[in-house]
2 protein chains.
Amino acid sequence: MAGDAQATQKRLIEAAAQEFAAYGIAGARVDRIALVAKANKAQIYHYFGSKDQLFDAVFNELVATTLREVPIDPADLPEYAGRLFDGFERRPEVQRLATWYRLERADSQVPLDSVVQANRGKVLAIEQAQREGLVTDRFAAADLLALVLTLAAMWTSITPEYHVLIEGHTSEHRRHVVTEAVAALVAVRDTVAGG
Amino acid sequence: MAGDAQATQKRLIEAAAQEFAAYGIAGARVDRIALVAKANKAQIYHYFGSKDQLFDAVFNELVATTLREVPIDPADLPEYAGRLFDGFERRPEVQRLATWYRLERADSQVPLDSVVQANRGKVLAIEQAQREGLVTDRFAAADLLALVLTLAAMWTSITPEYHVLIEGHTSEHRRHVVTEAVAALVAVRDTVAGG
DNA sequence: GTCTTTCAACTAACCAGATAGTTAGCAACT
DNA sequence: AGTTGCTAACTATCTGGTTAGTTGAAAGAC
């Protein structure tokens, strides 16, 4: 055969991931994806059906990979946050794609069951750890997980104007802020020294 | 005069804010903005020049309003976070517009001086409060502000799949999670009870 | 071994509708 | 009569999506 269908699909997914991460769904250009993937535009429609479905294919694969890569450790949430942070540093497009998904796709789409289930499992794991006294019960498990996920992504969700204020920051420093913040959340309640 | 230029511009800005918040810059439709504003499309180009410049006008006004409305109280960061949260609840489009700005506009645009200056001022205020012993010095001032801003916006930046896990949450509960989390950050360092 | 049929992978050209931006002129108030 | 606000119609271009046709490897026929 002249070509390799699987390889072509992979090139298309990769090119699409780049394109969607950079421009979003509305901003992405199908021709550009085909060009970068060294494939013909018609193949996108043959393999994936539409621009939106191509995005879904990209996003689903990304979700699957991400969920596989970062298992939770309820007994050490600071380090879990740190590993999440590492994942975001390693593949910055993941955060951007997730944000585009939230802004552009989420309301016209049923929630992805894989994500719901994965988060539910993590909440249950934290609840279990709370019952065993391994984790603070200052926050409900679902709230605590939300806090951890938010803090792990904090440096990617901040306004670009903020970057000038933290120019000297190394990746290690940013990671330390994340883990330290989560550590503070799970520390036992104690006296508070003002705001 | 047949019309009122200022009123028309205001209607355009408001319609554009809605449209951009919902669809982003690439996804927004100039015709739809004109329709909603009950104005003619040509006026958009007359008053603002281009679609991108219209977005900038919307965003700049939004930034000005927001900065005016929520002054910082470095001595009570939990309550500051709470007030930020209240602002986001009151005008959800603010967060969305800021996110679109970050994703679509930020790299092709110089950082907005007003935002940089406002944040710099807040960092300085926190540093001052730290010197006076009013605020924890566990985190550098710029990091602490980043944490507070991130936590105040946490419920808007979380993935939509998470919503099923926190269905029962009232606005008050979400606010409490935010303020409690910031309170934990600024609490004095103490013994830690696991993760 | 070679001829031929088949079929998946691929391509180039095309299309219809959408979209940002323009223009020429009208309407009303001073 | 001039100026300002406004309008409807228009255009050039872009863009997602389609289609008719080509290529080339391989499997079966002889």
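Naming: A, B, ... by sequence-line order, numbering from 1 per chain.
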Toward the 5' end of DNA chain D, by each residue's nearest nucleotide, B/Gln6 or B/Ala42: B/Gln6
What nucleic acid atoms does B/Tyr47 come within less than 4.0 Å of, heavy atoms only: base, sugar-phosphate, or nothing? sugar-phosphate
Can you measure B/Leu35 atom CG to D/dT7 atom P for me and round it to whole angstrom units? 12 Å
On DNA chain D, nearest-nucleotide positions of A/Asp52 versus B/Ala5: which is more 5'? B/Ala5
Counting only side-chain nitrogens and oxygens, does A/Arg29 get under 4.0 Å of the OP1 or OP2 atom of D/dG16? yes
Looking across every strand, which nucleic acid part, if any, lies under 4.0 Å from A/Ala34 by heavy atom: base, sugar-phosphate, or nothing? nothing
Rounded to the nearest angstrom, tell me the gap between atom CZ in A/Arg32 and atom P in D/dT15. 8 Å
Strictly below 4.0 Å: does A/Tyr45 bring a side-chain N or O up to OP1 or OP2 of D/dG17? yes
If the condition is ring pair (Phe, Tyr, Trp, His ring centres under 6.0 Å), which residues does A/His163 pass it with, not counting sequence neighbours? none
Side chain of A/Asn40 only, heavy atoms from C-beta on: which candidate in C/dA12, C/dT22, D/dG16 is closest? C/dA12
Do the side-chain N or O atoms of A/Thr8 get closer than 4.0 angstrom to the phosphate oxygens (OP1, OP2) of C/dC10? yes
Specify the separation, in whole Å, of atom NE2 of A/His46 and atom C1' of D/dT18. 13 Å
Between A/Glu19 and A/Arg96 (salt bridge meaning N to carboxylate O under 4.0 Å), is one present in this structure? no
Taking atom P of C/dC10 as reference, at what distance in whole Å does atom CZ of A/Phe48 sit? 12 Å
Approximate separation, where rounding is to 0.5 Å, of A/Phe20 CZ and A/Arg29 CZ: 10.5 Å
Could you check how far NZ of B/Lys41 sits from C1' of C/dT22, rounded to whole Å? 9 Å
Nearest to the side chain of B/Ser50, which nucleotide is it out of C/dT22, C/dA9, C/dG21? C/dG21
Could you tell me whether the phosphate oxygens of D/dT7, OP1 or OP2, come under 4.0 Å of any side-chain nitrogen or oxygen in B/Gln43? yes
Set out, in order, the CA-CA distance, both residues' side-chain angles and the distance that settles side-chain contact (heavy atoms from CB on, under 4.5 Å) for B/Tyr101 and B/Phe55, then state yes or no. CA-CA 9 Å; B/Tyr101 170 76; B/Phe55 179 85; 4.0 Å; yes
In whole angstrom, what separates A/Gln9's CD from C/dC10's C1'? 13 Å
Rounded to whole angstroms, how far apart are CG on A/Asp4 and P on C/dC10? 7 Å
Cut-off 3.5 Å, side chains only: do B/Glu132 and B/Gln128 have a donor facing an acceptor? yes
Separation of B/Leu12 atom CG from C/dG21 atom P, in whole Å? 15 Å
